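Just below is one structure, and these are the notes that go with it.
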Amino acid sequence: MAEVSLTSVEKYYGKFKAVHGIDLQIEDGEFVVLVGPSGCGKSTTLRMIAGLENISGGEVTIGDRVVNDLPPRERNISMVFQNYALYPHMTVRENLGFSLKIANQPESAIDKAVDEAAHILGLDELMDRRPGELSGGQRQRVAMGRAIVRHPDVYLFDEPLSNLDAKLRTQMRVEIKKLHKKVGNTIIYVTHDQVEAMTLADRIVLMKDGHIIQAGTPLELFDAPVDTFVATFIGSPPMNLLNAKISGPSMVLEDGAQLPVPTDAKDLVRDGQDVVLGFRADSLSPVGHGIEETGLKAEVELDVQLTEPLGTETLLFVDFGGKEVQAKMHNPRHVAVGETLTFQLQIDKCHLFDASSGRAIRN
Amino acid sequence: MQDRNQAHRIRKRISTALTLLALFIIMLIICVPGLWIVLNSFRPTVEIMAKPPVWTPSFTLEHYRAMFGGAGEGGVPVFAYFRNSLIISVTSTLIAILIGMAGGYTFARYRFAGKSSWFVGLMIFRAVPGVALSLPLFIVFARIGLIDTHLGLILVYVAMNVPFTIWLTDGFFRQIPKELHEAAEIDGCTRWQAFWKVEFPVARSGVASAAIFAFLTSWNEFALASQLTRSVGSKTMPVGLLDFTAEFTINWGGMCALAVLMIIPALILTFLVQKHLIAGLTFGGVKG
Ligand SMILES: Nc1ncnc2c1ncn2[C@@H]1O[C@H](COP(=O)(O)OP(=O)(O)OP(=O)(O)O)[C@@H](O)[C@H]1O
Ligand SMILES: [Mg+2]
């Protein structure tokens, strides 16, 4: 087990800079998820930690060793690839035991470790099959098994679930979390799925264009996004964003509607400033169908454009401030399209962002 | 509904039958010359020369007996030729496959300056007809004393086969996702181990097919061998066939008998290796 630390780590592919000086300290036993849109440099970062990609600048340490110039085999890590990369000419048993065999472990120790890993992942029945004879989910488990037979310092996962169907993905997510509880090793996990990130991570590292935009616990990113990118990336449905202008004690939306400025932000904005008002669907509900909150509220009359009943709640698409936004109705009743309802917006749950920089306006 | 199904089934059966018939005819066209050689090798000379041809097979071992017999009675040094052919083909195949694997792997995995020009250059080299090289080769080999040696032919065959083996193995290694060797490296292999323990076994069928082609090319090659060898010490079997031609006559029976001996090892080898070719590896390790 070990800490992993990245200091000003950069990666150039020729002239193209894929990773821009990343700083990241990962603690022993921490489950860190790198998340971000496609092409933001997650895999590249992970592969630099693994030693599969050379590091153009900066320093990577695992435990107390600088590993920049060590080949993968000397870094004491294991990795699960997006496409599993099982050895097609070996049986499941041989796949699992390969790393131990390379390390010249005695036959009996290999068998014991392999059986144990197979048992944890429920692979006992499949030991003599080849990867070609397994289903996607089974292959995925073999790939995980291959990573856990050894007890490396760090596990690296590169989108291990992206090839699975939705149901299996949820199931494996739980398995991975259990596994982490059981083995307690440091895990660095790459995904572009924010739900996976939210559910698995001790800490989420959100990346964009080779930069870290925000790092923190899932709730920190959810409750206090540093900018509009984080606000829309984390959470489902994404945060609603409306353009507004500060005018005295109120904000004026594009359609002329006026709302009070959230209490927290009052002293941080100036008159005439262009801002973006962000709020989650939970903060906008028909009167009587919301969550009881303290703090400033505002009431608005809105037309319902579309409804999405989800059972315990219904998503309502409404026109608000010149845009279509999503609202949430708890304890739902039937709502007809075109119906006009009085909605309550929890002003003090709203986020304000500066319109030009996109940064959150917050202490 | 029933009728439609039935009509459909009948149509399908007819098309299967037609396909089989077409295949049979094509195979016939391919196989008849070979078959004819085998039949002729067991036929008395009179029957071979008969017009119209005799189709009923007959059986005599006279040509084989003569071939293995003394030099005076139409015998040829079969064993020496066989040994020469074997040494030259096996050695040149081994070398060509090793170079081909190294080259193919490099083309498939590494980036380097002028990569595509190198590749095209190799293929162009392969496009030159071998016979066109016979005179220059003869002159060069005569200067450095490689005429009539095993080494000379081995070099020639290696040069002929390398572009092809590179091209073929490159294709096979390209199909193997790079994550396989990366996974092996993370599992503790050096780059070298990752190749031999993972990538090579996975590409084995490709290497085997490249080897068969290289072997057969060397085993059957006649044009250059006939120029570059002259004595029993280095003549290969195809060249040995010429021993059956005299100034005015050709000993067809003997020629066919030697040809049969030549075909047998090639058949056996193909048969042994084809298992690898067909078995092909299930690329299940990586989600396609
Ligand atoms: N071998 C390479 N050569 C050149 N550019 C590359 C190479 N590999 C990646 N890149 C570029 O580097 C950037 C980051 O790639 P990376 O694979 O890390 O993205 P990612 O965040 O993992 O995306 P995804 O979610 O699609 O896997 C991309 O713009 C990509 O085009
Ligand atoms: Mg990636």
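From a predicted model like this one, the values you see are computed outputs, not experimental measurements. Labels below follow one simple rule: chain letters A, B, ... track the order of the sequence lines, proteins then strands, and each chain is numbered from 1. Only this structure's heavy atoms are used, side chains among them; waters, hydrogens and symmetry mates stay out.
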message: If I measure from the heavy atoms of chain B, does A:Arg150 come under 4.5 Å with its side chain, its backbone, both, or neither?
response: side chain

- prompt: With distance as the sole test, does A:Arg139 use its side chain to make a donor-acceptor pair with the main-chain N or O of A:Tyr84 at under 3.5 Å?
  reply: no

message: Aromatic contact between B:Phe107 and B:Phe112, with the criterion being ring centroids under 6.0 Å apart: yes or no?
response: yes

- line: If one checks every heavy atom of B:Lys178 against chain A at 4.5 Å, the contacting part turns out to be side chain

- line: Ranked by heavy-atom pairs below 4.5 Å to chain B, first place among A:Leu134, A:Leu156, A:Leu52 goes to A:Leu52

- request: Could you tell me whether A:Glu74 and A:Arg65 have a side-chain N and a carboxylate O separated by less than 4.0 Å?
  value: no

task: Among the options B:Arg191, B:His181, B:Glu182, pick out the one with the most heavy-atom pairs lying under 4.5 Å from chain A.
output: B:Glu182

task: Give every residue pair that meets the ring pair (Phe, Tyr, Trp, His ring centres under 6.0 Å) criterion with at least one member in residues 31-69 of chain A, sequence neighbours excluded.
output: A:Phe31-A:His180, A:Phe31-A:Tyr189

